[in-house]
Enquirer: 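Take a look at the following structure, please.
Everything numeric here is computed off the predicted structure, so don't read it as measured data.
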Amino acid sequence: MPTAREIMTPNAECVNADEPVLVAAEKMARLDVGSLPICGTDDRLKGMLTDRDIVVKVLAAGKDPAKTLAGELAQGEAVTIGADDDAREILRTMASHKVRRLPVIDGHKLVGMVALAEVARALPDATVSDLLDAVTTD
């Protein structure tokens with residue numbers, strides 16, 4: 001069974017907690033992604049920021065994205081997966097938290113991101129079907 005380290009996209013870019021949401025949006029556009037990890041100055045993961053967070057919690061709320069800091073949108077503890085956890089654990093974590101992307105950490109350091117599509121390519125069809133049902137069912 002492959003591990004997160006083997007199937008992740010390495011060198012994930014993050015937005016710093018003290019950077020404005022506007023900078024995060026620009027990074028998302030440049031990287032063509034819908035979410036970014038929020039990292040603190042201590043190199044620890046603080047949360048995840050999604051394009052939906054920007055729209056709902058900043059723009060729709062009438063806040064200025066140039067003045068709202070990414071760290072203000074970090075909520076609770078980020079759901080992560082360990083670099084050496086196997087694909088079964090990735091599936092369990094994605095399904096239980098109903099997420100399609102997970103930051104991969106080694107100790108406390110962000111080392112990559114693993115997406116549903118990457119897991120799907122690494123696993124048998126039946127397992128992927130179960131994951132899709134768990135992640136997409138309300």
Enquirer: Does any pair with a residue in residues 61-70 pass side-chain hydrogen bond (donor to acceptor under 3.5 Å, both in side chains), and if so which ones, sequence neighbours excluded?
Expert: none

Enquirer: Any side-chain heavy-atom pair from E72 and V58 closer than 4.5 angstrom?
Expert: no

Enquirer: Which pair of heavy atoms, one from S35 and one from R101, lies closest together, and at what distance?
Expert: OG-CD, 3.6 Å

Enquirer: If you link I, L, V, M, F, W and Y whenever their side-chain heavy atoms are under 4.5 Å apart, who else ends up in the same group as M113?
Expert: M48

Enquirer: How long is the straight-line distance from SG of C39 back to CG of D18, given to the nearest 0.5 Å?
Expert: 11.0 Å

Enquirer: If I take atom CG from residue L91 and atom CE from residue M94, how far apart are they, to the nearest 0.5 angstrom?
Expert: 7.5 Å

Enquirer: Could you work out, with side chain to side chain donor-acceptor pair (under 3.5 Å) as the rule, every residue matching R88, not counting sequence neighbours?
Expert: none

Enquirer: With T93, which residues qualify under side chain to side chain contact (heavy atoms under 4.5 Å, CB included), at least two apart?
Expert: V79, I81, E89, H97, L102

Enquirer: Of all heavy-atom pairs between G82 and V104, which one has the smallest distance, and what is that distance?
Expert: C-CG1, 4.2 Å

Enquirer: Who are the side chain to side chain donor-acceptor pair (under 3.5 Å) partners of T80, not counting sequence neighbours?
Expert: none

Enquirer: The criterion is salt bridge (Lys or Arg N to Asp or Glu O under 4.0 Å); which residues satisfy it with E19, sequence neighbours excluded?
Expert: K27

Enquirer: Which atom names give the shortest non-hydrogen contact between A17 and L69, and what distance separates them?
Expert: O-CB, 3.6 Å

Enquirer: Can you see which heavy atom on L36 is nearest to which on A24, and at what distance?
Expert: CD1-O, 3.7 Å

Enquirer: For I7, which residues count as a side chain to side chain contact (heavy atoms under 4.5 Å, CB included) partner, sequence neighbours excluded?
Expert: P2, I90, V114, V119, A122

Enquirer: Does any pair with a residue in residues 28-40 pass salt bridge (charged side-chain N to carboxylate O under 4.0 Å, His left out), and if so which ones, sequence neighbours excluded?
Expert: E13-R30

Enquirer: Atom CD1 in I105, atom CE in M8: separation rounded to 0.5 Å?
Expert: 12.0 Å

Enquirer: Might you point out which heavy atoms bring N16 and A70 nearest each other, and give the distance in Å?
Expert: O-CB, 3.7 Å

Enquirer: Please step through side chain to side chain contact (heavy atoms under 4.5 Å, CB included) for the pair I54 and L49, ending with a clear verdict.
Expert: CA-CA 8 Å; I54 294 170; L49 178 65; 4.2 Å; yes

Enquirer: Could you tell me if the side chain of V55 sits less than 4.5 Å from the side chain of R52, heavy atoms only?
Expert: no

Enquirer: Testing the basics here: between A87 and M1, what is the closest heavy-atom pair and its distance to 0.1 Å?
Expert: CB-SD, 3.4 Å

Enquirer: Is there a path from V111 to V99 through hydrophobic residues (I, L, V, M, F, W, Y) whose side chains come within less than 4.5 Å of each other?
Expert: yes

Enquirer: Would L73 end up clustered with L31 when hydrophobic side chains under 4.5 Å apart are linked, directly or stepwise?
Expert: yes

Enquirer: Do any pairs count as a salt bridge (charged side-chain N to carboxylate O under 4.0 Å, His left out) and have a residue in residues 104-120, sequence neighbours left out, and if so which ones?
Expert: R5-D106

Enquirer: Who are the salt bridge (Lys or Arg N to Asp or Glu O under 4.0 Å) partners of D53, not counting sequence neighbours?
Expert: K57

